[in-house]
Amino acid sequence: MKKSIFLGTLAVAGLAAGLASAQTLADVQARGTLKCGSNEGLAGFAAPDANGNMQGFDVSLCRAIAVAALGDAQAVEFVPLTSQTRFTALAAGEVDVLVRNSTWTLSRDTDLKLDFKGVNYYDGQAFMVNTALGVSSARELDGATVCIQTGTTTELNLADFFRVNNMTYEPVPVATNAEGQQQYLAGACDVYTTDMSGLAATRATFESPADHVILPEIVSKEPLGPAVRHGDNEWGDVVYWVLHALIGAEEYGVTSANVRELAAAPTENPEINRLLGTEGELGAMLGLPNDWAVNVIAAVGNYGEIFEAHIGENTPVGLARGLNAQWTDGGLMYAPPFR
Amino acid sequence: MSKQSSVAFVRRDMIPPAPPPPGQAGVLRWMRENLFSSVTNTVLTILSIYFIWSVLASIMPWTLNGIWVAGSLTECREIRDARGIETAACWAVINERWLQLLFGFYPTDDVLLSGLFYAEPLAAAGGVEAVFGAGSNATDRIEFVGMMKGDLSNFTIFWFGYWRPLLAVALLVVAVAPILYSSLPRSLLFFSMLYPFIGVFLFWGGSIWGPMTVAMGLAAAFFIGRFVATRFGLLGGGIGAVIAFILIFLNPLPFIDHGGLFPLFPHAKDVLHSIIPFGLPAIPSDQFGGFMLAIIIGTSGIVLSLPIGILLALGRQSTMPFIRWVCVTFIEVIRGVPLIVWLFVASTLLKYFLPPGSSFDALLRVIILVTLFASAYIAEVVRGGLAALPTGQYEAADSLGLDYWKSMQLIVLPQALKISIPGIVNTFIGLFKDTTLVVFVGLRDPLGLTNAIRATGEWNGIYWELYIFVALLFFTFCFFMSRYSMYLERKLQTDRR
């Protein structure tokens, strides 16, 4: 970067921030890669394999967006972000989209000037105890010592839950999930609490997972979803509809195995035809090729396939679908009509 | 006859030296003198031995029984149970991921690897152009590279896939050696001056003319300054050099001559590149990681902070109020704020002042901040050395008629720096270890990578093995620095203490 540009634009940086961000899709296509803000490492959601390729549930959504925008699932640059740097990185344009298990809250949506584009995982805070304690409900935890990560919303949720239920607890503050696991296993606390997905992943790593039980109460709402900057609605639409194409594809039974076949010729289901671009011009309305959804699903699979591959019951994380099942199966995953 | 009788016996040969009585020599004596010299010492010795034994007894089986070949933590546990051992380290994670801990996600030279060791599958896949060429499919390429790396051993990948960072580090040793050891030929110092440009080229790649033109530009500014100095004196030479530098590297008229002739540097680079196009694939610094990152940040911080720190220390003692105030303010502000805060400033706050979309390299930001931070500390350490010198040394330099720079260079600094060696090395070791703090601003340092490795399904729940490996890496480097400083102190010891 030239020094002169740096000096010249210092003064107008705030003004330019609003102007330059309004064409993210074009920027991504000109650059040839999608910059996706991701977790440095979270079991099941984002982790590097032995060759350094990122894998995971959140990572797959990044790849899906890359396929839609660029036609290439590998054209993603994963920018590792911590919980402190993630929102500034997005606001400053260092990443195009943030898919980093970030909870959708009102203040983040408004005050931080982000746009959350749907929910790809409904999480919630839960409790894990040793079965030896003989506890079967979180309401029996009066007087327990609780390992809790400091400075997170889980800390506040915990205080709320115990106050509402008129119980007392003794917090054992820990800095990271890794430390929490060690403290809990060493018996420094009776209860370990964090998000349900994290607890499940943690429990799966124990020597004897059967000795530990995750209590049924979910004490907070943590809808996790992809976020983009305010003020670029076209790009936000792309992110939103890529996510919901994945969800819709599962509902209509379109999988990575049969998508090419279904897209070869119009089927009897007009919703599938419009989704796959064999009918109508929905792709053009998004500024994408008409077969964008075909490529996305062929590359990464539908929502159910992604779930099962990275965090489903056959993986080490071993999460049940629960709230993340299709609305037809009693869950909350619901794609608006493709029309 | 009579004489002989007066002396009853004269020994004609020496008694052979007898060995000392048992318990008065060797190990036994040493032990008696050092370990069992009194009742208290004996009790303490026995207690210490018991303590060391109990610590080792719990650690050693775990370490030595370690399992080196396994695909996941669960497999490790199965192997351990099958062998009937109670505890065993799962070193398999190091065995599988040590390359990642050393280099992060720095890309390997896949073209070279496949050409040397995987030629047949490469030919089957359609040759270099089809797999790695411009029009190739990224998904296919990554699948091919994944298969290739699965078949090659980690050591093959280490030596041939990472030859660029390895060569850069090897040349770094060559470049640093003549600075550290004065017995080496002085002509090697020329290579030390060139090394920063070679290192940047090897690590970051791109056209070779990028670092080359920067080097030539700096040299040009220097020689122009020297030429002007012969006509208009030292001050004129300095101004000439600065003007030449600005014309070459900066745009002196940002709003009038935008995108025109100035700065000269990119034009020269483009011209040279069009004549001899040579370069390595460019690697952006967000792909740097692992222990390599600690080495890059650490060495650049160390090399840059020493001269800046010395200047700051001299500035703080200056009799010119403006210079003194600037230096004092800089030192106190930088030193008074924790490094982690400066890193957050570098990674988040700075972005609000930069135009959106323009990415001022994250690694560069961190290197600059770490350098400034370390130089503030070095300045104070050197100031301690300056203060320890008797005033007579300053006065002696003045009485010889030396000017300020000469007296500093010949008389004051050599002595002051010698006194400051332990403090300087202490700061350097601290700086090197502090490089792990960059994990908080999202750079993939070794500790951040342990987190990432633990996030995979296979290795979730593994702690000690990864931390021990990282600790050993850092210990090796810090121990070398500490030993070197002791060597240097001995070598420079001129007084008779």
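All values derive from a computational prediction rather than experimental measurement. Letters go in sequence order (proteins before strands), and every chain restarts at 1.
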Query raised in the report: Which bit of Asn51(A) is near chain B, if near means a heavy-atom gap under 4.5 Å: side chain, backbone, both or neither?
Result: both
Query - Heavy-atom proximity to chain B below 4.5 Å, by part of Glu77(A) - result: side chain
**Report entry** Pairwise distance NZ(Lys35(A)) to CG(Asp286(B)) - rounded to 0.5 angstrom
**Finding:** 6.5 Å
Report task. Sort Phe206(A) into side chain, backbone, both or neither according to what part of it lies under 4.5 angstrom from a heavy atom of chain B. Result -> backbone
Report task. Side chain from CB out, backbone as N, CA, C, O: work out which of these in Tyr106(B) comes under 4.5 Å of a heavy atom of chain A, or both, or neither. Result -> neither
Query raised in the report: Counting only N and O atoms by type, is there a donor-acceptor contact under 3.5 Å from the side chain of Gln182(A) to the main-chain atoms of Tyr463(B)?
Result: no
Report summary line: Max heavy-atom pairs within cutoff under 4.5 Å with chain B, candidates Pro80(A), Gly44(A), Gly52(A), goes to Pro80(A)
Query raised in the report: Which atoms form the tightest heavy-atom contact between Arg97(B) and Asp49(A), and what is the distance?
Result: NH2-C, 3.4 Å
Query raised in the report: Given a strict heavy-atom distance threshold of 4.5 Å, which part of Ala46(A) is in contact with chain B: side chain, backbone, both, or neither?
Result: backbone
Query raised in the report: Out of Gly41(A), Ala50(A), Pro316(A), which one racks up the most heavy-atom pairs below 4.5 Å with chain B?
Result: Ala50(A)
Query raised in the report: Among Leu185(A), Leu42(A), Val317(A), who wins on heavy-atom pairs under 4.5 Å with chain B?
Result: Leu42(A)
Requested in this report: List the atom of Ala452(B), the atom of Ala47(A), and the distance in Å for their closest heavy-atom pair.
Outcome: O-CB, 4.1 Å
Query raised in the report: Which atom pair, heavy atoms only, marks the closest approach of Ala43(A) to Asn460(B)?
Result: CB-ND2, 3.3 Å
Report summary line: Looking only at Arg444(B), Glu458(B), Arg454(B), the option with the highest number of non-hydrogen pairs under 4.5 Å against chain A is Arg444(B)
Report task. Examine whether an atom of Trp464(B) lies under 4.5 Å from a heavy atom of chain A, and if so say whether it belongs to the side chain, the backbone or both; otherwise answer neither. Result -> side chain
Query raised in the report: Which heavy-atom pair separates Phe105(B) from Pro48(A) by the least distance, and what is that distance?
Result: CZ-CB, 3.3 Å
Query raised in the report: Do you know which of Glu207(A), Gln55(A), Gln181(A) has the most heavy-atom pairs with chain B at a distance under 4.5 angstrom?
Result: Glu207(A)
